[in-house]
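For reference, the structure discussed in these notes is given below.
Computed from a predicted model, the values in this text were never measured in an experiment.
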There are 2 protein chains.
Amino acid sequence: MGEGGVEREDPARSVMAMLGDRWSPLLLLVLETGEWRHADLRRTAAALSAEQALSQRILTLKLRALERDGFVSRMVTDDVPPRVSYALTPLGRALVGELRRTISWLNERRGEIAAARRSYDELD
Amino acid sequence: MGEGGVEREDPARSVMAMLGDRWSPLLLLVLETGEWRHADLRRTAAALSAEQALSQRILTLKLRALERDGFVSRMVTDDVPPRVSYALTPLGRALVGELRRTISWLNERRGEIAAARRSYDELD
DNA sequence: CAGAATCCTGTATGATACTG
DNA sequence: CAGTATCATACAGGATTCTG
């Protein structure tokens, strides 16, 4: 239980937690550019993060959580092999707007925050 | 996609994670009202969360993290017993502005998100 | 009072193998 | 291709006890 944070109650808190987790913000930003299939989205998000790979399992968990809150839509055509695409909903696009605003606010203060950290860490 | 920044942030990611954690947002909102001492802040934050108590340890950890990033200032007078007060810095007040905007955006969409969840959970 | 030191638990994240 | 199913682990959060 508790996988993917799907059981949380208060939308404000759970969505803020989502925006602060490892992959969701990145997925939202990638999905903003259009429709993405599972494998491509996975590779692109991992490349952008410049960190480790994004596992299939985690990608699925994160997408399910975003879908559950109405930020992402999942489209399936029943071909074989299956073709599944993900995209932002209108609500998801609006959320990305908020996300971008927060990110740029933080980026504008990047230097100030970094300086505060240096100053704090430098004390014995 | 061009300008902005879809990728690596140091403060951006850690601060977003902070804003999404269990106590930091609440502490920022309480501290916005003025200067607070450890014990009072602890009690008040716990009361507002309507959840469990906030342990001394966690309060200290969260305050240290906020202080390190330059959002909170810690003032000590060397009396016995010690008197320690916490307050927002100007940067911290600005951060609370951003936090409030995000919170109210989410609160305005609370119904829509809740509906999406119900709809999602109802299937299967 | 404010906090440090310990110890403990749940949850998020991840690696890997398997399947319709 | 787009997932599940397992198994493993790191870490945030928290309960409790002690002290300058």
Fill in the blank from the handout: To the nearest angstrom, the CZ-P distance between B:Arg42 and D:dG14 comes to 11 Å
Handout entry: Contact residues, residues 61-74 of chain B to DNA chain C [heavy atom, < 4.0 Å]
Key = B:Arg64, B:Arg74
Problem - Distance below 4.0 Å between A:Arg22 side-chain N/O and C:dG14 OP1 or OP2 - result: yes
Practice task
Could you please name the option among C:dG14, C:dG3, C:dA17 that lies closest to any side-chain atom of B:His38?
Solution key: C:dG3
Handout entry: Short side-chain N/O contact from A:Trp23 to OP1 or OP2 of C:dG14, under 4.0 Å
Key = yes
Problem - Closest listed nucleotide, where the reference is the side chain of A:Thr60 and the choices are C:dG3, C:dG14, D:dG3 - result: D:dG3
Handout entry: Minimum-distance nucleotide (side-chain atoms of B:Arg57 versus D:dT4, D:dG13, D:dG20)
Key = D:dG13
Fill in the blank from the handout: Winner on side-chain proximity to A:Val84, out of D:dG3, C:dG14, D:dT17, is D:dG3
Problem - Residue-phosphate contact under 4.0 Å: A:Arg37 side-chain N/O, D:dA2 OP1/OP2 - result: yes
Exercise for the section: Take the protein atom CG of A:Leu59 and the nucleotide atom P of D:dG3, then report the distance between them rounded to whole Å. Expected result: 8 Å
Exercise for the section: Measure the distance from CD1 on B:Ile58 to P on C:dT6 and round it to the nearest whole Å. Expected result: 17 Å
Exercise for the section: Measure from the side-chain heavy atoms of A:Asp21 and tell me the nearest of C:dT13, D:dG14, D:dA2. Expected result: C:dT13
Practice task
Using atom CG of A:Asp78 as one end and atom P of D:dC1 as the other, report the distance to the nearest whole Å.
Solution key: 18 Å
Practice task
From the options D:dG14, C:dG14, D:dG20, select the nucleotide whose nearest atom is closest to the side chain of B:Gln52.
Solution key: D:dG14
Exercise for the section: Would you please confirm or rule out a distance under 4.0 Å between OP1 or OP2 of C:dC1 and any side-chain N or O of B:Tyr86? Expected result: no
Handout entry: Cluster link A:Val76 to A:Phe71, ILVMFWY, side chain under 4.5 Å
Key = yes
Problem - Given DNA chain C, 5'-ward residue of the pair B:Arg83 and A:Leu54, judged by closest heavy atom - result: B:Arg83
